[in-house]
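Take a look at the structure below.
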There are 2 protein chains.
Amino acid sequence: MGITSRDVARLAGVSQPTVSRALRGDPRISAETRRKVKEAAEALNYVPSEAGRSLSTRSTKRIGVLVTDLTNPFYPHLVAPLHDELERLGYRMMLFTERSDEVIASERLLDRSIDGVVLTTTTLDSGLPAELRRRRLPFVYLNRESGTPADAAVVDNRHGAGLVARELAGLGHTRIAGIFGPDETSTGRDREYGFRLALAEVGVGLPEERVRRGPFEYATGRDALTELLTVDPRPTAVFCGNDVIALGALDAALQAGVRVPDELTVIGFDDIPMASWTAFQLTTVRHDLHGMARAAARLLVARITTPDADLERVVYTPELILRRTHAPAPPD
Amino acid sequence: MGITSRDVARLAGVSQPTVSRALRGDPRISAETRRKVKEAAEALNYVPSEAGRSLSTRSTKRIGVLVTDLTNPFYPHLVAPLHDELERLGYRMMLFTERSDEVIASERLLDRSIDGVVLTTTTLDSGLPAELRRRRLPFVYLNRESGTPADAAVVDNRHGAGLVARELAGLGHTRIAGIFGPDETSTGRDREYGFRLALAEVGVGLPEERVRRGPFEYATGRDALTELLTVDPRPTAVFCGNDVIALGALDAALQAGVRVPDELTVIGFDDIPMASWTAFQLTTVRHDLHGMARAAARLLVARITTPDADLERVVYTPELILRRTHAPAPPD
DNA sequence: CCGTATCGTGCATACGTATGAACACTATGC
DNA sequence: GCATAGTGTTCATACGTATGCACGATACGG
């Protein structure tokens with residue numbers, strides 16, 4: 001069924017290795033032979049077998065990308081530029097979407113069907129990074145990271161959260177709430193830590209009763225804010241672990257009839273495109289999402305090419321984007 | 001570097017073929033031998049090479065999925081269940097996101113690195129389906145389809161659009177507008193056609209000046225509605241080719257200070273989760289998005305298994321979901 | 001006690017490409 | 001006119017798994 005290099009060789013009147021070399025651009029093949037081979041390949045619609053090539057070269061030019069949940073509006077903004085950059089570098093993307101890292105670990109990543117892995121949603125307690133390291137399968141952290149050392153493309157989450165804390169303090173807020181990501185993620189933990197640290201510096205407290213944590217999802221923000229609105233006295237501002245949580249919070253406020261920003265300030269993190277929709281106009285922390293994804297692709301490919309180079313960590317510095325969901329603290 | 005079946009064979013004191021058979025569950029292998037082999041494989045952390053297997057079996061257990069743009073909130077709701085169902089059926093997903101089908105065609109799909117293809121965003125003028133057919137690479141249409149016959153999992157778009165037309169007519173709207181998808185997509189065309197047909201039946205016109213078309217994106221709805229609001233007299237209702245366009249339209253109305261639904265009725269199509277957010281409460285046409293994606297996976301796998309079976313077409317019937325963006329036509 | 005099933009395993013090989021090494025052949029220099 | 005260098009191609013083989021076929025071992029019936 002499939003046309004092989006041998007078929008091309010027969011038609012072109014050369015040997016199979018010559019076909020391989022001619023098509024791969026080996027300089028030792030004469031222009032004349034190359035022309036003949038290319039013509040024959042064209043005529044037969046020859047496409048080299050990926051499996052054959054992989055087996056021979058021990059490289060698949062494929063990268064595995066792990067993401068928990070594509071329907072979360074955040075991840076596509078990471079995956080899309082990652083995909084494009086990988087293609088640009090001559091690699092293809094294999095997407096693995098699983099709730100937990102562990103499920104994927106052994107079989108699926110280790111059958112030599114991929115040359116490397118991009119981890120976008122690792123948790124700090126995941127055994128996967130260590131396992132990949134042990135197996136010498138190159139990988140890179142994107143967005144989140146964990147204790148096992150590896151190349152990484154991440155945001156300075158603490159700094160970004162600090163910007164928010166100081167802005168809120170400057171607006172006179174003192175009853176501040178937080179809806180953070182999971183404590184077992186670096187993004188969840190660092191954003192909370194940076195926020196607390198900066199608040200403490202300006203003398204504002206963040207009691208546990210005004211703190212909620214959960215997955216970086218719409219439902220987390222919606223449900224958490226609904227709860228927080230019942231706390232008495234009610235918080236006047238809430239910092240959300242990411243934009244998606246913030247959108248959930250905005251929705252809950254709308255539902256509850258609480259006016260944003262007059263009665264409640266809401267601030268997110270990431271600045272995904274939806275944050276700028278008229279319906280939301282979310283004040284948030286912006287960072288170079290696309291650049292970060294592309295950097296991860298480059299780091300990984302570099303690691304595959306030169307496995308023993310020093311580890312590299314690309315850290316993006318975020319900035320505060322002031323839209324319409326923040327306002328001075330209302331008088332009591 | 002990689003552990004091969006030969007290494008396992010050596011440790012277990014059997015031949016390489018026996019390892020292959022034992023691990024694949026060949027009934028001819030004795031329980032005792034199988035135990036020995038499994039132990040050895042375990043001890044060495046053996047994982048069979050995907051390339052070796054593919055080369056030998058001429059099957060990769062991989063499916064290519066073509067999607068134009070993951071950052072469009074619609075597609076993840078198609079891709080996620082598709083991914084899960086494919087995994088359930090023992091296949092992995094390779095994602096190809098490209099603006100145009102053509103780019104992908106030859107090399108990337110035809111190097112025998114995938115066993116089949118799911119087309120989610122084919123255009124009617126794409127040459128890809130015919131090419132795949134010619135090359136005998138199994139494929140299935142999901143969501144959209146085109147002239148080249150193949151298995152398909154789709155929605156009865158005309159019916160759904162008809163529901164909207166009749167609802168609008170029942171609410172007394174006469175100055176109706178439409179923001180449809182691209183004319184070269186089956187979903188764009190069928191939804192427009194079904195809408196026009198049903199409107200004609202109830203004697204309502206849809207003049208070209210109140211019609212816009214564009215990609216199924218937020219920006220399309222936003223920009224098109226901004227324009228439509230300048231048409232005099234202004235339309236009192238607008239049907240959007242999908243929910244994402246409708247969200248753009250809602251945002252444009254908000255921006256322009258036009259109250260929905262009092263001054264303008266907006267109706268979408270698909271009922272993606274965001275449509276039910278409090279900020280939108282979009283009236284729309286619901287269909288079984290997940291079921292459709294799973295059906296496509298099953299159809300494709302069936303086609304791969306039995307290439308000569310009759311073509312199958314799974315058509316889902318949609319229903320109207322009345323939320324808060326529709327109202328009776330305002331008095332002139 | 002031998003022939004014959006039956007069962008379990010090994011042997012040989014196929015799958016398609018890539019590549020080091022060998023081998024022709026031509027051109028060059030003395 | 002012969003050794004030498006350089007060029008273009010073929011030969012042989014590796015990569016890792018799966019599978020048809022042959023073959024040895026065991027059990028069983030006659």
Side-chain angles (χ1 to χ4, degrees), chain A residues 1-38 40-41 44-62 90 107-108 110-115 135 137, chain B residues 1-38 40-41 44-62 90 107-108 110-115 135 137:
Chain A
M1 160 96 91
I3 307 295
T4 75
S5 56
R6 217 171 299 273
D7 299 324
V8 177
R10 200 172 305 127
L11 180 61
V14 298
S15 72
Q16 179 269 322
T18 297
V19 172
S20 173
R21 287 196 237 264
L23 296 181
R24 309 219 59 208
D26 190 309
R28 293 178 307 175
I29 300 293
S30 71
E32 168 60 9
T33 304
R34 172 164 301 131
R35 195 189 52 70
K36 273 195 311 186
V37 169
K38 284 199 170 158
L44 294 175
N45 277 320
Y46 169 67
V47 179
S49 152
E50 211 278 321
R53 169 180 296 162
S54 293
L55 198 54
S56 189
T57 61
R58 256 149 299 183
S59 137
T60 62
K61 293 290 185 178
R62 243 179 269 131
E107 298 294 308
R108 321 232 327 269
L110 300 170
D111 62 1
R112 281 154 284 172
S113 63
I114 53 177
D115 294 344
R135 300 283 202 139
L137 184 59
Chain B
M1 157 98 86
I3 308 294
T4 75
S5 56
R6 218 170 298 273
D7 300 325
V8 177
R10 200 172 304 126
L11 181 60
V14 297
S15 71
Q16 178 270 322
T18 297
V19 171
S20 173
R21 287 194 241 264
L23 295 180
R24 311 218 59 209
D26 189 312
R28 294 179 306 178
I29 300 295
S30 72
E32 169 60 11
T33 304
R34 171 164 303 132
R35 195 190 53 70
K36 272 196 312 189
V37 170
K38 284 196 170 162
L44 295 175
N45 275 322
Y46 169 67
V47 180
S49 151
E50 212 278 321
R53 170 181 295 161
S54 292
L55 199 55
S56 189
T57 62
R58 256 148 299 182
S59 137
T60 62
K61 293 290 183 177
R62 242 180 269 132
E107 298 296 308
R108 322 230 327 269
L110 298 170
D111 62 1
R112 282 153 284 172
S113 65
I114 52 177
D115 293 343
R135 300 283 201 136
L137 183 60

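Labels below follow one simple rule: chain letters A, B, ... track the order of the sequence lines, proteins then strands, and each chain is numbered from 1.
- Proximity of residues 14-21 of chain B to DNA chain C (heavy atom under 4.0 angstrom from any strand atom) is restricted to B:Val14, B:Ser15, B:Pro17, B:Thr18, B:Arg21.
- Between the side chain of A:Asp111 and the backbone N or O of B:Pro48, no donor-acceptor pair lies under 3.5 Å.
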Close N/O contacts between protein and nucleotides 5-7 of chain C (under 3.5 Å):
none

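- A:Arg28 pairs by the salt bridge (charged side-chain N to carboxylate O under 4.0 Å, His left out) definition with A:Asp26, not counting sequence neighbours.
- A:Asp26 places its CG atom 13 Å from the C1' atom of D:dT10, with the value rounded to the nearest Å.
- A:Ser49 meets the side-chain hydrogen bond (donor to acceptor under 3.5 Å, both in side chains) test with no other residue; sequence neighbours excluded.
- Contacts of B:Arg34 classified as salt bridge (charged side-chain N to carboxylate O under 4.0 Å, His left out), with partners at least two apart in sequence or in another chain: none.
- Among residues two or more places apart in sequence or in another chain, the side-chain hydrogen bond (donor to acceptor under 3.5 Å, both in side chains) test is passed with A:Ser56 by none.
- Among residues two or more places apart in sequence or in another chain, the side-chain hydrogen bond (donor to acceptor under 3.5 Å, both in side chains) test is passed with B:Arg35 by B:Glu32, B:Glu39.
- Nucleotide C:dG16 holds its P atom 16 Å from the CG atom of B:Leu110, rounded to whole Å.
- Legend: residues meeting side-chain hydrogen bond (donor to acceptor under 3.5 Å, both in side chains) with B:Ser5, ordered by chain and number and at least two apart, are B:Gln16.
- One atom, CG of A:Asp111, and another, C1' of D:dG16, lie 12 Å apart when rounded to the nearest Å.
- When rounded to the nearest whole Å, the span between CZ of B:Arg112 and P of C:dG16 equals 7 Å.
- A donor-acceptor contact shorter than 3.5 Å links the side chain of A:Arg112 to the backbone of B:Val47.
- A search for salt bridge (charged side-chain N to carboxylate O under 4.0 Å, His left out) contacts involving A:Arg62 returns A:Glu50, not counting sequence neighbours.
- One interatomic measurement links the two molecules: OH of A:Tyr46 to C1' of C:dA18, which rounds to 10 Å at whole-angstrom precision.
- With sequence neighbours excluded, the residues satisfying side chain to side chain contact (heavy atoms under 4.5 Å, CB included) with A:Thr18 are A:Val14, A:Ser15, A:Ile29, A:Thr33.
- For the side chain to side chain contact (heavy atoms under 4.5 Å, CB included) test, residues two or more places apart in sequence or in another chain that qualify with A:Asp7 are A:Ile3, A:Thr4, A:Arg10, A:Leu44.
- Interface residues of residues 48-57 of chain A facing DNA chain D, ordered by number: A:Leu55, A:Ser56; criterion, heavy-atom separation under 4.0 Å.
- Note on B:Arg6: a base of the nucleic acid sits closer than 4.0 angstrom, heavy atoms only.
- The interatomic distance linking B:Arg24 (CZ) with D:dG16 (P) rounds to 18 Å, in whole Å.
- Rounded to an integer number of Å, the gap from CZ of A:Arg58 to C1' of D:dT17 is 15 Å.
- Rounded to whole angstrom, the span from the NZ atom of A:Lys36 across to the P atom of D:dG8 amounts to 13 Å.
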